[in-house]
Each structure stands twice: as structure tokens, then as C-alpha cells.
Protein chains: 4
Amino acid sequence: MSPKRVDKEVRKKEILHAAMHAMARKGVNVIKIDQIAAAAGIGKGTIYEYFSSKEEIFGAAMAQFLEKIENIQAKKLFRATTPQEKIKAIIDSWVEATNTMAHDDLKLLIDLWAEGIRQSNPELKKIFDMKKIYYEYREIVSAIIRDGINAGVFRDVEVEVVSGIFLASVDGLMIQWLLDKESVDIRKTANTLYDTFMQGIALQRESGNL
Amino acid sequence: MSPKRVDKEVRKKEILHAAMHAMARKGVNVIKIDQIAAAAGIGKGTIYEYFSSKEEIFGAAMAQFLEKIENIQAKKLFRATTPQEKIKAIIDSWVEATNTMAHDDLKLLIDLWAEGIRQSNPELKKIFDMKKIYYEYREIVSAIIRDGINAGVFRDVEVEVVSGIFLASVDGLMIQWLLDKESVDIRKTANTLYDTFMQGIALQRESGNL
Amino acid sequence: MSPKRVDKEVRKKEILHAAMHAMARKGVNVIKIDQIAAAAGIGKGTIYEYFSSKEEIFGAAMAQFLEKIENIQAKKLFRATTPQEKIKAIIDSWVEATNTMAHDDLKLLIDLWAEGIRQSNPELKKIFDMKKIYYEYREIVSAIIRDGINAGVFRDVEVEVVSGIFLASVDGLMIQWLLDKESVDIRKTANTLYDTFMQGIALQRESGNL
Amino acid sequence: MSPKRVDKEVRKKEILHAAMHAMARKGVNVIKIDQIAAAAGIGKGTIYEYFSSKEEIFGAAMAQFLEKIENIQAKKLFRATTPQEKIKAIIDSWVEATNTMAHDDLKLLIDLWAEGIRQSNPELKKIFDMKKIYYEYREIVSAIIRDGINAGVFRDVEVEVVSGIFLASVDGLMIQWLLDKESVDIRKTANTLYDTFMQGIALQRESGNL
DNA sequence: CATGAATGAGTCTTCATTCAT
DNA sequence: GATGAATGAAGACTCATTCAT
């Protein structure tokens, strides 16, 4: 691989980085190629040396964004061993994301959902398929919960359903935080989410009052 | 007598209805006026007899959408008396929404969030302020939970935080359902959400296993 | 002729009247059919019962306007007998026009000139041909001046040229008055124009210092 | 070095030039952006690389037009010393304008007047204020005539009024020429205007025959 | 007759993409 | 390779005209 090649790769990453920021801040449908170019500190035409269309940039930015998020989660999950720790790790991934990434950057999630929901561009499905991603997310959490049930830590809940609910809480909290940073005390919320969810699926001595 | 006025009102509602559908299906930023007109079965210019701009249609559609959702919730909440019933009512509102409204129509939620998060249009803030709406939602749920705590049904949780988490679950589930109708068994999920959440904030005989 | 017929004529005149006002005030290219209808106190569609197109209204309004102006001139000229009186009559027509007609209404002159200069609509040439109108104006004045020369009151000027100059003065003054009512003292200007023009073409005892 | 900048400036001038021609020929309110682009031999979109709106083009074209006219006058006036020469210089400016500039181009005067009279666009008032321009024109001529009076060449006329009349003659002649090139023998008319106006305000041995 | 709701051709303006330098 | 000037397809909006009531 020649140094030129490396340079090209590096430059492409730089553009992608700038594009992701810009898209996240203004919204994918609103951002203009000029703005991405300006944000990347390059000429408008140069972008087309690295990407063939705005759509492709969008796809690449989304993929990169997802990768970032998944990296955070993978890192956290990697260290966790017990089901409880793993649940905690997923919640902490959310905390970490809000710490590591800029508030603006995380707004890209909305566009990711929008794209997944409307699938306006079938091409993008090849790069990232939100339906599939969520299916896999639920599988991961399901495995964790199943482990907990088998270990006698969690009660015998509908695993797939509970997994969806758990992931839903995190997504929903992200929305509230994106809508209003100040309205969500991340640390406190993370702890409470962990506590209530754990208690929610905990084995019960006596069947309660519900 | 004012048959003309009635007609005008009716027609405006029709257009709004069609606009809401079209916007929800394709996305607020993607829909074209021509498409709305076509969906409403009228000429492009006619739209402007009833709305002064695309922006105004957005606002009206968003407001109508919100109203629909809130009506469903209000109706459900109205009948509920105990805190548990009220929590159940909110969950049921979600179920009802997915039953009453078309899958496509509910996609508008994404645009509502997107608008709230990026506030690309300051005018819309006058019509609906997502930040405020969520603040108020949390207040409503907080009151319910507080009642439950006072009644000795719920344990002494961080009320505001838990409220956010609860609403987050519902929103997150909506996302998953919007992404993939088949992946979420609404009825089962609603029940499970109720059970786990109730148990999650229930009073505990002994401080548990966490 | 049935009374209906009369009504139609009357109504047409009313519309024309309103159209003339509106066009003059806002400009022929700027005025909208709706505004004319509103000004006439009738429905938009009704206009098309009396005129077949905006263009036709324009033509009719112009014709009416010209007629008004010409009536004023004709009336003044009618009473005048000597060449001097006739020149004075034409100047007085201008004074009378600024008195009789609204400042706004006289703005139509600009559109008349614009139409004449650009002849954007060949059809209008049939209704009024500015080129011809000015030719005839000059003829009228030329005849007056020629009379004066023959009578030994005016010196032997280039009659056609002087006529053009005289009419030009009046038109140019109208422009200044239209641009800024306050900047032109009509009465004083009329007198001065008469004096200087009369002296300008007067027979001279000695050939002067020029 | 900035060849790019120079090119941009040059191109902008070219567009402006073409725009001025097109606007003058067809009328400011009638000309379409497409036509200007076509006249400039460029694409429609390119116009907007140099001007931000149709309105801005109007303003720039008007300003350039006025500048042209004023340059001609300034040059002529510069060489003139006596009041008579100065009056002649102004008349000659008109002659020069009709020689230098295309018949079509000078039609822009009509739009200038129309704009001044109706002030449909308040923004344009910042660029050129016809009311003010005419006020200043009259001031210039007034100074000349006052000089002539003081020098004992002109009689004691109402200076401001006479100035208006003089300028009116020139404007009015321009209208006639614009309406019909052939109907006005510019050279002869210029001479006659000079003669009659000079005699019109000349000192008189005896108070004459009027 | 009178009306004004409906219409779509026509206009200004934007912006992703191209391409000559 | 990098650039940004040029472009025209596309989109929001206007308005003269039509026509059903």
C-alpha cells in the first residue's frame, strides 16, 4: 500500500468525520454539500473525489456512527461477566456515549431511525439495516437475560419482549436527553434504570401486590 | 347560514388529513407539495387556498397529530383512578395508538422528535414545543408515581427520574414497532412492560438481591 | 336598448373606474385581478363577465385615461382663440389634470409611456397608439404655433421641433410632480412655463445676445 | 495574485451588462431571469452565483444605468464655464446619451421613473432615490441659472421653477424619442431647445409683447 | 348573473453534481 | 489531485382564468 493510498484513506476519514458532525447538527435532509465541504475545510468538488454522491456520504456517516456506538458497547460488554454486569454495561454504554460524543453528534440517531423507518433509500439497507440491527440487539440482550434466568437471578420473563423493553428504555432516554440535555441527569437516571429494571425482572420471594 | 364556511373548514381538514398521511409516510423533509396535493386529490394551487406555506402545513399536521395522541391518552387516563391503573392507561394509550392509527401515520413521531431536537424552524416552537411537552409528560407521570408512593404501593424512588424512564420505554418501543411492526407483539409487550415496571418500583418486603 | 343593457354598461364603467385607480396606484404590471375586483367591490369572476382578460382591462383603462386627459385639453382649447391663449390652454390642461385627478391616478401616464415605448402588446396599438398620439399632439401645437408665426406674434421657429419641445416640458413637469408632489408648485410653474416659452419664441426687436 | 477575483468581477459586469440590456428592452417588471441568463449566454443558476436575487440585479442595473448617464453629464459639464455653455452641456448630454447608448438601453429611464413614482421596492430607495436625484438635478441647474442672472445674462426668473422646466424639456424629449426615434431630430431639437430656452430667460430690452 | 374555489402554467430560487483549469 | 464556477433539474409559490353552483 503506497503512502498515497494511505493519504487518500486518511483524507476520506477526515471528510467523513466532518460530514458526520455537520449532518448530525443540522439534520441529514438539511445539510448541504457546501457545508460539509466547508466543515471539512476542503473544496466542494473535492468531496466527489472521495464519495460519489451525497447519499453515499450519508451511508458512510451512518455506518461510522453506528460503529462508534457499537464500539463503546462492545468495550463495555467485553469486561462484563455476570448477566447483571452485562445489563449494567449496556446502560453504561449509553452514559459513555453521552460523555464521549458531542450532544450534537448523537442527534444522528434520529436520522438513523428515520432512515430505518422509512427506508427511503434501499441502497442504504446494504450498509446498515436498522431492522436487523435491532433484531440483533434484542438477541444480545435476550441471551443475557436468558443466562440470568438460568442462573436463577432473574425470574422467568418473556425474554424477547423484556429485551425489547430494556433497549427501548435506553433509546427513549436518549430522545429525552437529545431534546433537552438539562432535563436528564444521566448518572442518576442510569442508576435508577438499572435498579428498577433489575428489580423488575428479579426473582420474587413472594408474588407481590400486582 | 354558512355552508361555504363549513365546506371550507371541511376541505381544510381533508387537506390536512392527506398532508399528515403523506408527510408521515415519506417524511416531513422529503414530501413535496405536489405529492400532498396529489394525495389530497386536488391541484397544487388549491393547497395554497387553505395554507399559506408548506411550513404552515407542517405545523398544522404536527399539531393535529399531537392532538390525536393526546386525546387517546386523555381518554384512557380519564377512566383510571389508582396509580397502577393510570400507569396501565398510559401503556394502553400506546397500544390504542398502534391500533387506531395507521402504522405509517405514527411515523410522524420521528419528525416530531427531529424537529424538537434540531429546532430548525423556530416558528414551530410556538405551535408545539417538544421540550415542554416532554417536561409536562414527566410531570404527569411523576404525579401518578408520587401518589403511588404516598399510597404505599410504590417504593420511594426518584420520582422524576423514574417518570422519564417509564415514558422512555414507551417511546423506545414505538421506535422498534415503527422499525418493524412484526418484531413487537404489542399486546404481550404492553403486559410485560406493565408487569416489569410495576415490579420494578414496587415496595419490597426485604431489600432484594441487587 | 333594454335596462339590463344599461346596467351592464354602467357596471362595466364602474369596474373600469376601479381598475384604473388600482392600476395607476400600484402599476399595471403589479396589480392583481383580485385587487381590481376588491377595489370594484365585486367578485373576481365577475370581472370576466365584462372583460375577457387582464390585458383588455388594461387597454380599456388606458383608453379611458387618455380620454379623460384629452377631454380636459379639448375643453380648454375650445375656449381659446389666439395662439397665445391656446398655448396657455394646454398648460392649463396640465394644471387642471393635477387638480381634477388624483395624484395616484395620473401615475398611469408612466404605464402609458412604458406600453408605447415597448409595445409589448401589439393588440393595444389598436386601442391607442402612443406614437400616433404624440404625432397628433405635435400637429395640434404646430398648427397653433404656425398661426402665431403667421400672425406675426411668434418668430419663425422650426415649428415641429418647437412643438415637441413644448409638449416635452409639460410631460417632464408631470414626471417631476409624480415623483414628488411637493417639489413642484404647479401654479407658479405653469405661469413660468408660459412666460419663458412665450418669450422663447417671441419675435425680437433686436436679435439678442445669444 | 488574484486572477480568479478579476474573472469574477469581469463576469459580474458581463451579466449586469446583459441584464441591463434585457431589462431595458423588455421592461423591468416583465423580464424573466431565464431571459437575462439567455441574454448573458449562461445558465440560469449562474446568475445566482453573482447576484442573490432578481431584485438585486434590478438595483445594480439601475445604479449602473444612472452612473452612465451621470458620467456623460459630468464630462460635458466639466468643460463648460459660462452659464450658457453649461446649459448647452446638459442638452448635449442628452444628445450624447442618444448617440452613445442604444435606443433600447435608454428605455430603462421609464422603469427608473416608474420605480421612483411608485416606490414598490423600498430597498431600491437606498441605492437610488429618484426624488432626491431630481432635487439635486434642479439644484445644479438652479446654480447655473443663478450665475447667469448674477452675470446679467439671464433675467430675474424664478430660478428653481425654471430649472425644473428646463430639465422637464429634456426628459420629455427623451420620452418622445423613446416612443419614436424617427419623430425627433435630435440635433435640430437640441439646437432649438437651446435657442428657445436661452431666449426664454434672456434679459429683455423692453418688456415684450406678452 | 355573480361568485369564488380550483387550477396548473409559469417564475424565482436552490443545490447536487460536473468538469475545465 | 483539488478546486469552485457553471449548470439545470426540481421545488415552493403565484395568479390569470375557468366553471360549477
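Just so we're clear, the structure is a prediction, and the values are computed from it rather than from any experiment. Letters A, B, ... mirror the listed sequences (proteins, then strands); counts begin at 1.
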Taking only the side-chain nitrogens and oxygens of B:Lys8, find out if one of them lies under 4.0 Å from OP1 or OP2 of E:dA5. yes

Whether B:Thr46 contacts E:dA5 is assessed here as follows: a side-chain N or O lying under 4.0 Å from the phosphate OP1 or OP2. Is that the case? no

Would you mind classifying the nucleic acid contact of D:Ile47 as base, sugar-phosphate or nothing, using non-hydrogen atoms under 4.0 angstrom? nothing

Spacing of C:Ile36 atom CD1 relative to F:dT17 atom C1', expressed in whole Å: 13 Å

Would you say that more than 12 heavy atoms from the other residues, nucleotides or ligands in this model lie under 6.0 Å from the NE2 of C:His17, or not? no

Is B:Lys12 paired with B:Glu9 through a side-chain N to carboxylate O contact shorter than 4.0 Å? no

Between atom CD1 in D:Ile15 and atom C1' in F:dA5, what is the gap in whole Å? 11 Å

C:Val30 or D:Gly45: which one's nearest nucleotide on DNA chain F is closer to the 5' end? D:Gly45

Let's see if you can work this out: which of E:dA2, F:dT3, F:dT17 has an atom nearest to the side-chain heavy atoms of A:Glu49? F:dT3

I'd like to know if the side chain of C:Lys54 reaches the main chain of C:Ile31, judged simply by a donor and an acceptor atom lying under 3.5 Å from each other, with no hydrogens or angles considered. yes

Rounded distance (Å) that lies between atom P of E:dG10 and atom NZ of D:Lys32: 11 Å

For atom CZ of B:Phe58 and atom C1' of F:dG11, their distance in whole Å: 12 Å

For atom CZ of B:Arg11 and atom P of E:dG4, their distance in whole Å: 17 Å

Nearest nucleotide by nearest heavy atom, which residue falls closer to the 5' end of DNA chain E, D:Ile31 or A:Ser53? D:Ile31

Atom CG of A:Asn29 and atom P of E:dC15: how far apart are they, to the nearest Å? 12 Å

Do C:Lys44 side-chain and F:dT17 base share a donor-acceptor contact under 3.5 Å? yes

Backbone of D:Lys107 reached by a side-chain donor or acceptor of D:Arg25 within 3.5 Å: no

At under 4.0 Å, does any side-chain N or O of B:Tyr48 touch on OP1 or OP2 of E:dA5? no

Please work out if A:Phe51 contacts a base, only the sugar-phosphate, or nothing of the nucleic acid, heavy-atom cut-off 4.0 Å. nothing

Between C:Gly41 and B:Ile42, name the one whose nearest nucleotide on DNA chain E is closer to the 5' end. C:Gly41

Would you kindly give the CD-to-P distance between D:Gln35 and E:dG10, to the nearest whole Å? 13 Å

Name the closest nucleotide to the B:Tyr50 side chain, picking from F:dA16, E:dA6, F:dG1. E:dA6

For the pair made of CG in B:Asp34 and P in F:dA9, what is the distance, rounded to whole Å? 16 Å

In Watson-Crick or G-U wobble terms, with both distances under 3.5 Å, the base opposite F:dT21 is E:dA2

Is there a donor-acceptor pair under 3.5 Å between the side chain of B:Lys32 and the backbone N or O of B:Val30? yes

